[in-house]
Amino acid sequence: MNFHLEVEQEDDGRWLAEVIQLPGALAYGASAAEAMAKAEALALRALAEQLEHGEAAPVTINIVLPTAA
């Protein structure tokens, strides 16, 4: 399973990171790195929930971060 993160800075200065493969999985942070870390943790929590409830099978996980943020 590949998770791709997109990150952008909002007009108010906050950073927003989104996990493209998980609709609604986004997180804000004071920096790009903070937003990406929160989004990555959210993606892993969502996958853990799916595994615990038998909604997904164990898979190899790759997380792709933007090259520049």
Side-chain angles (χ1 to χ4, degrees):
M1 175 172 285
N2 293 309
F3 291 127
H4 292 267
L5 297 181
E6 288 188 359
V7 64
E8 65 183 52
Q9 191 168 23
E10 298 285 297
D11 292 337
D12 62 5
R14 296 181 300 168
W15 287 86
L16 175 64
E18 179 178 9
V19 182
I20 303 306
Q21 290 72 23
L22 298 172
L26 49 91
Y28 284 99
S31 66
E34 180 183 342
M36 287 188 295
K38 288 180 177 182
E40 183 178 341
L42 180 59
L44 293 172
R45 280 189 210 106
L47 183 57
E49 286 287 324
Q50 290 175 358
L51 289 167
E52 288 176 354
H53 293 98
E55 299 168 2
V59 294
T60 300
I61 300 170
N62 295 308
I63 298 176
V64 180
L65 302 175
T67 55

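Small disclaimer: the values here were computed from a predicted structure and weren't measured.
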Practice task
Please report the closest heavy-atom contact between Leu5 and Met36, naming both atoms and the distance.
Solution key: CD1-O, 3.8 Å
Practice task
List the steps and the verdict of salt bridge (Lys or Arg N to Asp or Glu O under 4.0 Å) for Arg45 and Glu49.
Solution key: CA-CA 6 Å; Arg45 280 189 210 106; Glu49 286 287 324; over 6 Å; no
Practice task
Establish whether Val7 and Leu44 are linked, either directly or via other cluster members, by ILVMFWY side-chain heavy-atom contacts under 4.5 Å.
Solution key: yes
Practice task
Rounded to the nearest 0.5 Å, what's the gap from CD on Glu18 to CG on Leu42? Could you check?
Solution key: 11.0 Å
Problem - Cluster link Leu51 to Leu22, ILVMFWY, side chain under 4.5 Å - result: yes
Handout entry: Shortest non-hydrogen separation from Val19 to Ala39 and the atoms involved
Key = CG2-O, 3.5 Å
Handout entry: Point-to-point distance, once rounded to the nearest 0.5 Å, from OG of Ser31 to CD of Gln9
Key = 10.0 Å
Handout entry: Asp11 CG: over 12 foreign heavy atoms closer than 6.0 Å
Key = no
Fill in the blank from the handout: Residues Trp15 and Ala35: closest non-hydrogen pair is O-CB, 3.6 Å
Practice task
Using modelled atom types only, decide if a donor and an acceptor are shared between the side chain of Gln21 and the backbone of His4 within a distance under 3.5 Å.
Solution key: yes
